[in-house]
Amino acid sequence: MFIGELSRRTGVSTRSLRYYEQQGLLRPQRRASGYREFDDSDVTVVRRVRILLAAGLNTDLIREVLPCMTDEGAVLAPICEEMADGLRRERDRLTSSIEQLQAAHALLGSIIHAGEAISAEAGRNGQ
DNA sequence: ATTCTCACA
DNA sequence: TGTGAGCA
């Protein structure tokens, strides 16, 4: 099938599909016309890519882990050890990001409250 | 009608 | 990633 059909069957824009190819996530054949030729298996590949993308993985990691995935329905399951390892590292990165955001969130909150306290005091002093 | 590449008011 | 241009 050509890119248009794959796009319709996956709900992913042709723009994204070409981008995925650039990132090495899809390797369609090429017709003499230059048109990309995808096969049915690419439909499931695209679905997996979307899931991994939604999980916050970048295309580099997806490229590595993609060949080690199984389509257990709507859920993706790891098959190789290398993959589970890469995923664990990604999960740790997320944990770190979450902690930094929580710290920033708490700090911002304290600054806001400090400002409110000052305003309240100014009010009591008839300012 | 479709896809392709390239570039960005 | 979207979008439009100019081709094939």
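In what follows, every chain begins at residue 1, and chains take the letters A, B, ... in the order their sequences are listed. Values below: all heavy atoms of this structure, side chains included; hydrogens, waters and symmetry mates excluded.
- Nucleotide dA9(B) forms no Watson-Crick or G-U wobble pair with any nucleotide shown, as no partner meets the under 3.5 Å limit on both distances.
- Across all strands shown, dT3(B) remains unpaired; no Watson-Crick or G-U wobble contact has both distances below 3.5 Å.
- At least one side-chain heavy atom of Glu37(A) sits under 4.5 Å from a side-chain heavy atom of Phe2(A).
- When side chains are defined from C-beta on, Leu17(A) does not count as touching Glu21(A), because their heavy atoms never get closer than 4.5 Å.
- Nucleotide dT1(C) holds its P atom 11 Å from the CG atom of Leu25(A), rounded to whole Å.
- Counting heavy atoms from C-beta outward, Val49(A) and Leu66(A) have side chains that approach closer than 4.5 Å.
- Between Pro28(A) and Arg36(A), the shortest heavy-atom contact is CG-CG, 3.6 Å.
- Rounded to an integer number of Å, the gap from CZ of Arg31(A) to C1' of dA8(C) is 15 Å.
- dC7(C): no Watson-Crick or G-U partner with both key distances under 3.5 Å is found in any strand.
- Using modelled atom types, one finds a donor on one side chain and an acceptor on the other under 3.5 Å when comparing His113(A) with Glu116(A).
- Dashed line: the shortest gap from a side-chain N or O of Ser16(A) to OP1 or OP2 of dT1(C) is under 4.0 Å.
- With contacts defined as side-chain heavy-atom distances shorter than 4.5 Å, the pair Asp42(A)/Tyr20(A) does not qualify.
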So which protein nitrogen or oxygen atoms get under 3.5 Å of nucleotides 2-4 of chain B's nitrogens or oxygens?
{"from": "dT2(B)", "atom 1": "O2", "to": "Tyr35(A)", "atom 2": "OH", "distance (Å)": "2.5"}
{"from": "dT3(B)", "atom 1": "OP1", "to": "Gly4(A)", "atom 2": "N", "distance (Å)": "2.7"}
{"from": "dT3(B)", "atom 1": "O4'", "to": "Tyr35(A)", "atom 2": "OH", "distance (Å)": "3.4"}
{"from": "dC4(B)", "atom 1": "OP1", "to": "Arg36(A)", "atom 2": "N", "distance (Å)": "3.0"}
{"from": "dC4(B)", "atom 1": "OP1", "to": "Arg36(A)", "atom 2": "NE", "distance (Å)": "2.7"}
{"from": "dC4(B)", "atom 1": "OP1", "to": "Arg36(A)", "atom 2": "NH2", "distance (Å)": "3.4"}
{"from": "dC4(B)", "atom 1": "OP2", "to": "Arg18(A)", "atom 2": "NE", "distance (Å)": "2.9"}
{"from": "dC4(B)", "atom 1": "OP2", "to": "Arg18(A)", "atom 2": "NH2", "distance (Å)": "2.5"}

